[in-house]
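Any value given below was found using the heavy atoms of this structure, including those in side chains, with hydrogens, waters and symmetry copies removed. Letters go in sequence order (proteins before strands), and every chain restarts at 1. Values in this document were obtained by computation on a predicted structure and should not be read as measured data.
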Amino acid sequence: MIRLHDTASGQVRELEMRDPGKVSIYHCGPTPYDVPHVGHGRNTLFYDVLHRYLEWRGLDVTLVSNVTDIEDKIIRRSIAEGRSCADVVAEFEAIHWSAMDRLGVLRPDHVPKATQYVEKMVAFIDELIGRGHAYETSDGVYFEVRTLPGYGLLARQPLDSLRAGARVEIDEDKREWFDFALWKKAKPGEPTWESPWGPGRPGWHIECTVMSLDLLGDGFDLHTAGDDLTFPHHENERAQAVGAGHAFSRHWTHHAMVEVEGQKMSKSLRNFTALTDLLDHTDARAYRLLTLRAHYKSPFDVSPDTLADAESGLDRLDAFARRFADVPAIPDPATVEKFRGFMDDDLKTPQAVAVIFDAVNAAHKGDERAAATVFELTGAVGLDLKRAPQAVDAETQRQVAEMDDARQARDFARADAIRADLVSRGWVVESGPSGTVVHR
RNA sequence: GGCGGCGUGGCCGAGUGGCUUAGGCAAGGGACUGCAAAUCCCUGUACAGCGGUUCGAUUCCGCUCGCCGCCUCCA
């Protein structure tokens, strides 16, 4: 049994599967209008760890994560830079996937795009109007929130306690400030599609409703994303689905944000680090380890200090992997069970990581099954340890040989000089009774 | 104003009504090594503050202080 936090009930509860043994997951993906930042990295690592772990558990996972390829910020950028929206999307989506590849994030099974679903969205909006949940105005079609009993499930507070923020757009045509756009009628310079309400484009929330139901079917198992999307985005997705007569996601799991000096990392606060920059300076696996060391519901700080901390931990794992690369043993069932107990219980990755490090310690003390266990468990969460010896260039190999010769000859001054040179060029030099090994 | 979360040892970060009270990083001491590296051994006695419940609270309750998130685009 897998237990996960469920935002709708506010509790950790069993992940019930519509079809036993199969898990259908929809995860809100990126809007490629700019480079991804470190928080997006956490976001994809969250679904990747979930995805990999569930499959490791023997479950058949279908993961859908969309790309929003038509949206205000994309349009703004395309106009500012005098190029098409498709061009903007192509550039930043490519950067997104390349960063995810570097992070070792597995591709979702389906990556639907909003622009491929416009026709289905139009039909869905039409259905909502027909059922009395939506109305047309001079500038679009809106969902009438008051018509849907139960709105506020994910916000976990009644509709009338929500406060109209100072920056909510005033729109005289809308019946209530919290009604939200299903369809936006065309403005000059924007890409448009035909609809019964004239040319225009879909609102943001409708795509996820339509694509998730289309690819995963009614009553799919799990909907995930960062917790900043809980309200209003997910609330609205759900309202649309329910309003049109569909059973929507049965379980909602949201992860916390990455922070910088205690504040949420975000584009608008301008306190973000581009994910690509982080990956240029930090081992991607260290970032994965950093995310695993905090529970997914807890925010954590990304800073040079916390990253360096994680890299040191990773070094210990890699040192372990080099030493035990060829261990023939099979994993220890009791340790695997302990790990599974933590992971099954709401993905308690900090405890799971502790189990891994305990096994590393046991291995160094001679427990071969513990060594095999480490490889098994790091694999389950997508941490790829460096078992294979690293390629060493010819010149470095020559130096290593020369150094060992000098040590043989007890010419330690010369050996130390060579070592110093290797170290200064970034090599970690390990000399043992059987000779010297270098790695980076 | 509403809703929610958090405050743990030098740092990150789990957890628990009392039991030998995670794990990582860093630090100090020791072992091993020609020296290093890797590894091993040892050391730290923490739970914001004030009350309350209790035989006993870091863990439960209340209050205070501080911090953060959502209610607006946002992973």
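Classified by interplanar angle (parallel below 30°, tilted 30° to 60°, perpendicular above 60°), the ring pair H223(A)/F248(A) is tilted. Ring geometry, Y53(A) versus F339(A): the interplanar angle exceeds 60°, so the pair is classed perpendicular (tilted spans 30 to 60°). The aromatic rings of F46(A) and Y296(A) are tilted relative to each other, their planes meeting at an angle between 30° and 60°.
Partner of V392(A) under the side-chain contact (heavy atoms from CB on, under 4.5 Å) criterion, out of V400(A), V437(A), V438(A): V438(A) alone. With respect to R3(A), the salt bridge (Lys or Arg N to Asp or Glu O under 4.0 Å) criterion is satisfied by exactly one of D346(A), D345(A), D344(A): D345(A).
With P as the reference atom, U21(B) and C42(B) are 14 Å apart, rounded to whole Å. Atom C1' of C32(B) sits at a distance of 11 Å from the matching atom of A38(B), rounded to the whole Å. Taking the P atom of each, U45(B) and U54(B) are spaced 33 Å apart, rounded to whole Å. For A46(B) and U59(B), the P atoms lie 15 Å apart once the distance is rounded to whole Å. Remark: the separation of the P atoms in C55(B) and G66(B) is 35 Å, to the nearest Å. The gap from the C1' atom of C40(B) to that of G49(B) amounts to 43 Å, rounded to the nearest Å. Between G28(B) and U64(B), the distance separating the two P atoms is 45 Å to the nearest Å. Taking atom C1' in both A22(B) and U16(B), the straight-line distance is 11 Å, to the nearest Å.
S431(A) comes within contact range of at least one nucleobase, with a heavy-atom separation under 4.0 Å. Within the 4.0 angstrom heavy-atom criterion, only backbone atoms of the sugar-phosphate kind lie near F300(A); the bases stay farther away. Within 4.0 Å of K365(A), counting heavy atoms only, lie sugar-phosphate atoms of the nucleic acid but no base atom. Residue contacts for D72(A): at a heavy-atom cut-off of 4.0 Å it reaches no nucleic acid atom on any strand shown. Residue-level contact check: K267(A) touches neither bases nor backbone, having no heavy atom under 4.0 Å from any strand. When heavy atoms are screened at a 4.0 angstrom cut-off, E311(A) is found touching no nucleic acid atom at all. H37(A) comes within contact range of at least one nucleobase, with a heavy-atom separation under 4.0 Å. If you check every strand for non-hydrogen atoms under 4.0 Å, S298(A) touches sugar and phosphate atoms only. Using a 4.0 Å heavy-atom criterion, one finds that V258(A) contacts the bases of the nucleic acid, with or without backbone contacts as well. Note on G39(A): a base of the nucleic acid sits closer than 4.0 angstrom, heavy atoms only. V429(A) comes within 4.0 angstrom of a nucleotide base, judged by non-hydrogen atoms across all strands.
Distance, Y296(A) OH to G13(B) P: 17 Å, rounded to whole Å. If you measure from atom CG of L317(A) to atom P of G23(B), you get 15 Å, rounded to the nearest angstrom. Here G23(B) presents its C1' atom at 13 Å from CG of L292(A), a figure rounded to the nearest Å. If you measure from atom CH2 of W427(A) to atom P of A37(B), you get 19 Å, rounded to the nearest angstrom. When rounded to the nearest whole Å, the span between NE2 of H364(A) and P of A31(B) equals 21 Å. In this structure, the CE atom of M265(A) is 14 Å from the P atom of C70(B), given to the nearest Å. One interatomic measurement links the two molecules: CG of N236(A) to C1' of C71(B), which rounds to 12 Å at whole-angstrom precision. For F180(A) and C71(B), the CZ to C1' distance is 15 Å, given to the nearest whole Å.
Between R322(A) and D318(A) there is no salt bridge, since no side-chain nitrogen of the basic residue lies less than 4.0 Å from a carboxylate oxygen of the acidic one. Comment: D34(A) does not engage K73(A) in a salt bridge, judged by the lack of any side-chain N to carboxylate O separation of less than 4.0 angstrom.
Of all nucleotides listed (U39(B), G24(B), C70(B)), G24(B) comes nearest to the side chain of R293(A). Which of G2(B), A14(B), A75(B) sits closest to the side chain of H295(A) comes down to A14(B). Distance from the side chain of T306(A) is smallest to C12(B) among C12(B), G23(B), A14(B). Taking only side-chain atoms of R323(A), from C-beta outward, the nucleotide of G34(B), G15(B), U39(B) with the closest atom is U39(B). Side-chain proximity of P350(A) to G13(B), A75(B), C68(B): nearest is G13(B). Checking G15(B), C25(B), A75(B) against every side-chain atom of Q351(A), the shortest atom distance belongs to G15(B).
Each of H40(A) and E430(A) lies near RNA chain B, and the nucleotide nearest E430(A) is the one positioned closer to the 5' end. Summary of the strand contacts: V353(A) and R42(A) both lie near RNA chain B, and taking for each the nucleotide with the nearest heavy atom, the more 5' one is attributed to V353(A).
One finds a side-chain N or O of R316(A) lying less than 4.0 angstrom from the OP1 or OP2 phosphate oxygen of U39(B). Considering only side-chain N and O atoms, S312(A) lies under 4.0 angstrom from the phosphate OP1 or OP2 of A26(B). The side chain of K264(A) places no N or O atom within less than 4.0 Å of a non-bridging phosphate oxygen (OP1 or OP2) of A75(B). Here Q157(A) does not reach the OP1 or OP2 of C71(B): none of its side-chain N or O atoms lies under 4.0 Å away. Phosphate proximity of A75(B) to T224(A): absent, as no side-chain N or O sits under 4.0 Å from OP1 or OP2. Listed pair N361(A) / G24(B) meets the phosphate criterion, a side-chain N or O lying under 4.0 Å from OP1 or OP2.
Within a 6.0 Å sphere centred on CZ of R440(A), heavy atoms belonging to other residues, nucleotides or ligands number more than 12.
For a distance-only test at 3.5 Å, the side chain of R419(A) qualifies as a donor-acceptor partner of the base of A36(B). Scanning atom types as modelled, one donor and one acceptor separated by under 3.5 angstrom connect the side chain of D416(A) and the base of G34(B). For a distance-only test at 3.5 Å, the side chain of D227(A) fails to qualify as a donor-acceptor partner of the base of G69(B).
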Derivation of the side chain to side chain donor-acceptor pair (under 3.5 Å) call for H255(A) and R42(A) | CA-CA 9 Å; H255(A) 70 262; R42(A) 180 185 196 182; 5.5 Å; no
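Stacking between F357(A) and G23(B) is absent: the aromatic ring centre is not both under 5.5 angstrom from the base six-membered ring centre and within 30 degrees in plane angle.
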